[in-house]
Engineer: 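One structure follows; several queries about it will come next.
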Amino acid sequence: MSTAHPHPAIAPALIGWFAENARDLPWRRPGFTAWGTLVSEFMLQQTPVSRVIPRLDEWLARWPTPAALAADSPGDAVRAWQSLGYPRRALWLHATAVAIVERHGGVVPREVDALLALPGVGDYTARAVAAFAYGERHPVVDTNIRRVIARAVAGQAEPAPPSIRRDLAAMSQLLPDEKVAARSFNAAIMELGATVCTARAPRCEACPISEYCEWRGAGFPGYDGPRKAVQKKYEGSDRQVRGLILAALRAAPDAAAPHALAPGTRPPEPPRPGPTSRHGSVTAADIAALWPDDEQRDRALAGLVSDGLAAVTATGYALP
DNA sequence: CAAACGTGGGC
DNA sequence: TGCCCAAGTTT
């Protein structure tokens with residue numbers, strides 16, 4: 001099945017450029033596993049590459065397979081997530097590892113539909129794994145790709161609000177028919193958006209498709225769409241309070257493993273393990289010291305428990 | 001569909 | 001300084 005490509009020069013130009021200009025990134029190393037790709041894609045959801053790389057290395061050294069992660073507690077995943085942000089992703093990634101073991105024999109699935117059924121895997125991540133880890137031919141659409149298409153093809157400074165149907169259709173128009181080329185093109189156009197056709201200061205002089213760019217051809221018209229929602233202030237927000245509480249839970253040392261006692265010594269009264277968790281507990285008083293506004297703090301804490309990021313223990317709260 | 005969801009770095 | 005941005009997903 002061959003597709004008519006309205007912009008036949010774009011894909012070859014980008015593929016050639018990518019072959020020479022791709023950054024050396026862990027997930028582009030030969031032999032990188034599908035599991036590694038899945039972990040990296042979770043981490044890259046809204047977190048910059050430079051912050052992801054050290055955590056990714058740690059994760060894959062500790063949990064080289066889905067089964068390895070599934071065998072540890074979700075709290076271990078949340079703690080190892082450190083300060084990547086959006087820690088529910090760590091929870092989802094753990095749940096995804098469990099699901100892969102239970103439903104897919106411990107092997108990351110290659111079908112988009114199976115990937116989409118995993119917690120925390122959406123339209124982008126599912127196609128990224130199918131395309132990059134398995135070489136399947138799928139259009140991948142992320143924020144970089146949407147911006148490049150908006151400029152080069154639609155002639156607009158910024159993309160219209162996301163629409164998965166439209167965005168996939170637009171990317172499909174550009175995608176080469178052949179699998180290997182399609183995979184390379186997905187990576188290439190994403191890389192262009194990340195390093196050349198950037199949101200703030202595009203470097204058109206370094207762009208391999210500037211001669212085909214409709215935005216440039218139209219004289220770089222300014223953005224005229226609807227005003228985009230302004231990101232809410234972090235300082236003083238519920239997010240900040242959740243972050244503070246979770247940082248305290250991550251910092252609590254694991255409940256001490258029972259160690260050998262001198263002969264004749266009576267074991268100390270065991271701190272009755274509460275309903276949960278071998279992760280160390282933080283008392284309500286310690287949490288209260290983190291934030292003065294009772295109502296906001298309680299709301300944040302309840303939210304963490306409700307999200308499964310915190311567990312109630314006999315003495316307070318702990319990672320799950 | 002808009003809003004919630006972390007954190008840090010660049011300009 | 002303060003705003004913008006960063007390989008999204010879920011509800």
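Per chain, numbering begins at 1; letters A, B, ... match sequence-line order. Here the structure is a predicted model, which means the values were calculated and not measured.
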Engineer: For a quick check of understanding: with a heavy-atom distance under 4.0 Å over all strands, which category does Val230(A) fall into, base, sugar-phosphate or nothing?
Structural biologist: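 Answer is sugar-phosphate: Val230(A) comes under 4.0 Å of backbone atoms only.
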Engineer: Which pairs, with at least one residue in residues 192-217 of chain A and sequence neighbours excluded, count as a side chain to side chain donor-acceptor pair (under 3.5 Å)?
Structural biologist: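 Matches after skipping sequence neighbours: none remain.
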Engineer: For the side chain of Trp92(A), starting at C-beta, report the closest nucleotide among dA6(C), dA7(C), dT10(C).
Structural biologist: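 So the nucleotide nearest the side chain must be dT10(C).
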Engineer: Using the test side chain to side chain contact (heavy atoms under 4.5 Å, CB included), find all partners of Thr47(A) that sit at least two apart in sequence or belong to another chain.
Structural biologist: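 Only Arg51(A), Val52(A), Leu84(A), Arg89(A) meet the side chain to side chain contact (heavy atoms under 4.5 Å, CB included) criterion with Thr47(A).
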Engineer: Heavy atoms under 4.0 Å, any strand shown: does Arg147(A) hit a base, just sugar-phosphate, or nothing?
Structural biologist: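 Since only primed, P, OP1 and OP2 atoms lie under 4.0 Å of Arg147(A), the category is sugar-phosphate.
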Engineer: Can you tell me, in whole Å, how much space there is between the P of dA3(B) and that of dA7(C)?
Structural biologist: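 The same atom, P, in both gives a distance of 23 Å.
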Engineer: Closest to the Asn144(A) side chain: dA7(C), dG8(C), dC4(C)?
Structural biologist: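 Of dA7(C), dG8(C), dC4(C), dA7(C) is nearest to the side chain of Asn144(A).
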Engineer: Is it true that Arg147(A) and Glu158(A) have a side-chain N and a carboxylate O under 4.0 angstrom from each other?
Structural biologist: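 Not counted as a salt bridge, because no side-chain N and carboxylate O are separated by less than 4.0 Å.
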Engineer: Between Pro162(A) and Thr47(A), just flag the one whose closest nucleotide in DNA chain B comes earlier from the 5' side.
Structural biologist: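 Of the two residues, Pro162(A) wins.
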Engineer: Looking at the rings of Trp59(A) and Trp81(A), which for Trp means the six-membered one, are their centres under 6.0 Å apart?
Structural biologist: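 When the ring centroids of Trp59(A) and Trp81(A) are compared, they turn out to be within the sub-6.0 Å range.
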Engineer: Rounded to the nearest angstrom, tell me the gap between atom CD1 in Ile53(A) and atom P in dA7(C).
Structural biologist: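 For the pair Ile53(A) CD1 and dA7(C) P, the rounded distance is 13 Å.
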Engineer: Measure from NZ on Lys232(A) to P on dA2(B) and round the result to the nearest Å.
Structural biologist: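 Checked: the NZ to P distance equals 13 Å.
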Engineer: Under 3.5 Å, which N/O atoms of the protein pair with N/O atoms of nucleotides 7-10 of chain B?
Structural biologist:
unit_1: dT7(B); atom_1: OP2; unit_2: Tyr234(A); atom_2: OH; d: 2.8
unit_1: dT7(B); atom_1: O2; unit_2: Arg51(A); atom_2: NH1; d: 2.8
unit_1: dT7(B); atom_1: O4; unit_2: Gln231(A); atom_2: NE2; d: 3.3

Engineer: Tell me if a side-chain donor or acceptor on Ser40(A) pairs with a main-chain N or O of Thr37(A) at a distance below 3.5 Å.
Structural biologist: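 Yes.
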Engineer: Are Asn21(A) and Glu191(A) linked by a side-chain donor-acceptor pair shorter than 3.5 Å?
Structural biologist: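 Short answer, no.
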Engineer: Looking across every strand, which nucleic acid part, if any, lies under 4.0 Å from Val140(A) by heavy atom: base, sugar-phosphate, or nothing?
Structural biologist: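 Counting heavy atoms under 4.0 Å across all strands, no contact is made by Val140(A).
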